[in-house]
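Numbering starts at 1 and runs along the sequence shown. Since this is a predicted model, take the numbers as computed values, not measurements. Because only heavy atoms are used, hydrogens play no part in the values below, and waters and symmetry mates are left out as well, while side chains stay in. Counting starts at 1 for both ligands and their atoms, following the listed order.
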Amino acid sequence: MKKHLILLGAPGSGKGTQSARLVESGFTHVSTGNLLRSEIAKNSELGKKVKGILADGHLVSDDIVVELLKANLNLENNTYIFDGYPRNKKQSETLDGILEGHDYIAVYFELNLDILIERITNRRTTKDGKNIYNLKTNPPKVEGICDVTGEELIQRPDDTEQIVRERMTVFKETIDPILEFFRQKGHLVSVDAQQAPDQVYKEITKNLD
Ligand code: ADP
Ligand code: AMP
């Protein structure tokens with residue numbers, strides 16, 4: 001059985017980009033951000049409740065997110081990459097509980113936060129968030145169009161400079177107890193996420209043996 005992966009890192013640190021590569025080696029990607037955005041796109045009751053919270057760059061309540069996460073997990077048949085969950089100590093404890101009896105590592109994407117505004121404001125994605133580009137460092141072949149699916153690329157409404165700054169503040173206020181939790185459990189590894197995507201991928205996969 002392979003280890004489940006919990007990706008920890010600031011918004012824009014590259015978790016989604018690495019997840020797309022890891023999916024090719026058999027992992028199943030679960031992103032709480034993508035799940036929430038999909039509820040918003042469907043205009044479901046849950047989507048209506050959380051839309052403003054995402055737009056402001058704040059965290060959705062633990063109860064809402066864990067319900068959505070659990071509804072999308074099938075631990076018997078999949079090896080998961082958890083992306084965007086946990087976001088605080090309580091969520092860390094919850095996920096550790098969900099993964100009881102399963103092997104996992106938590107991978108911290110370490111980098112200088114000063115580079116992230118530039119990275120995120122240049123991010124463009126498919127509507128489902130799965131195909132990720134960067135106007136400066138990884139542009140699509142045809143402007144505004146996904147190389148893989150041919151759909152139009154979008155900019156997330158919370159990827160503006162002002163909201164990214166708010167999301168960074170939230171990240172800085174919450175990350176330390178999460179890292180401490182997984183360090184104490186003996187599950188934490190760090191990767192240098194400022195390297196090129198290929199190098200980051202190599203560092204992550206080194207920890208999977
Ligand atoms: P996250 O999922 O952590 O929010 P993403 O994977 O969406 O981050 O990456 C944010 C932006 O940075 C995207 O535009 C992506 O193309 C770009 N990016 C991701 N990894 C790297 C990297 N190692 N070096 C440079 N740019 C990167
Ligand atoms: P992300 O796609 O991970 O950048 O998340 C986008 C937004 O979704 C965040 O700014 C939060 O509003 C919300 N969100 C995603 N995951 C969580 C979570 N685990 N707990 C609370 N809010 C979340």
Evaluate Arg156 for polar contact with ligand 2, using N/O atom pairs at a separation under 3.5 Å.
yes
Which ligand 1 atoms does Lys15 reach within 4.0 Å, using its non-hydrogen atoms?
1 (P), 2 (O), 3 (O), 4 (O), 6 (O), 8 (O)
Please confirm whether Gly14 comes within less than 3.5 Å of ligand 1 when only nitrogen or oxygen atoms on both sides are compared.
yes
Closest by any non-hydrogen atom to atom 21 (C) of ligand 1: pick that one out of Glu118, Arg167, Arg119.
Arg119
What are the atoms of ligand 1, with element, lying closer than 4.0 Å to any heavy atom of Gly16?
1 (P), 2 (O), 6 (O)
Any side-chain to backbone donor/acceptor pair from Lys15 onto Gly9? Under 3.5 Å, distance only.
yes
State whether the shortest distance between N or O atoms of Tyr85 and N or O atoms of ligand 2 falls below 3.5 angstrom.
no
Region of Ser19 that comes within reach of ligand 1 [heavy atoms, distance under 4.0 Å]
neither
Please determine whether any non-hydrogen atom of Ile132 lies less than 4.0 Å from an atom of ligand 1.
yes
Leu36 heavy atoms, cut-off 4.0 Å: which ligand 2 atoms fall inside?
8 (O), 13 (C), 14 (N), 15 (C), 23 (C)
Indicate the ring-plane relationship of Phe182 and Tyr104, choosing parallel, tilted or perpendicular according to the 30° and 60° boundaries.
perpendicular
Which ligand 2 atoms, with their elements, are less than 4.0 angstrom from a heavy-atom of Gly33?
2 (O), 5 (O), 15 (C), 16 (N)
Does the residue Gln195 have a heavy-atom contact with ligand 1, meaning some pair of atoms that are separated by less than 4.0 Å?
yes
State whether the shortest distance between N or O atoms of Val60 and N or O atoms of ligand 2 falls below 3.5 angstrom.
yes
Please state whether the rings of His4 and His102 are parallel, tilted or perpendicular, taking 30° and 60° as the class boundaries.
perpendicular
Quick one: does Ala10 get within less than 4.0 Å of ligand 1, heavy atoms only?
yes
Is Pro11 near ligand 1, meaning one of its heavy atoms is under 4.0 Å from it?
yes
Sorted by chain and residue number, the side chain to side chain contact (heavy atoms under 4.5 Å, CB included) partners of Asn88 (sequence neighbours excluded) come out as Asp62, Lys90, Gln91
Donor-acceptor contact below 3.5 Å, side chain Lys89 vs main chain Thr174:
no
among protein heavy atoms, the one nearest atom 20 (N) of ligand 2 is Gln91 NE2, 3.0 Å
Purely on distance, is any nitrogen or oxygen of Asn34 under 3.5 Å from one on ligand 2?
no
Element-labelled atoms of ligand 1 that are located less than 4.0 Å from some non-hydrogen atom of Pro197
22 (C), 23 (N), 24 (N)
How close does the nearest protein non-hydrogen atom get to atom 10 (O) of ligand 2, and which residue and atom is it?
His58 O, 3.9 Å
After noting the C-alpha distance and the side-chain angles of Glu151 and Lys127, does the key distance pass the salt bridge (Lys or Arg N to Asp or Glu O under 4.0 Å) rule?
CA-CA 8 Å; Glu151 356 163 18; Lys127 218 167 98 202; over 6 Å; no
If we only count N/O pairs under 3.5 Å, is Arg37 in contact with ligand 2?
yes
Between ligand 2 and Pro11, is the shortest N or O to N or O distance under 3.5 Å?
no
Ignoring hydrogens and geometry beyond distance, is a side-chain donor-acceptor pair present between Glu180 and Gln184 at under 3.5 Å?
yes
Would Thr94 and Tyr85 count as a side chain to side chain contact (heavy atoms under 4.5 Å, CB included) here? Give the steps.
CA-CA 10 Å; Thr94 301; Tyr85 193 97; 3.6 Å; yes
Using heavy atoms and a threshold below 4.0 Å, how should the contact between Phe109 and ligand 1 be classified: side chain, backbone, both, or neither?
neither
Give a yes or no on whether the backbone of Asn131 and the side-chain of Thr126 come within a donor-acceptor separation of less than 3.5 Å.
yes
Tell me, which protein residue and heavy-atom name are nearest atom 9 (C) of ligand 2, and how many Å apart are they?
Arg87 NH2, 3.5 Å
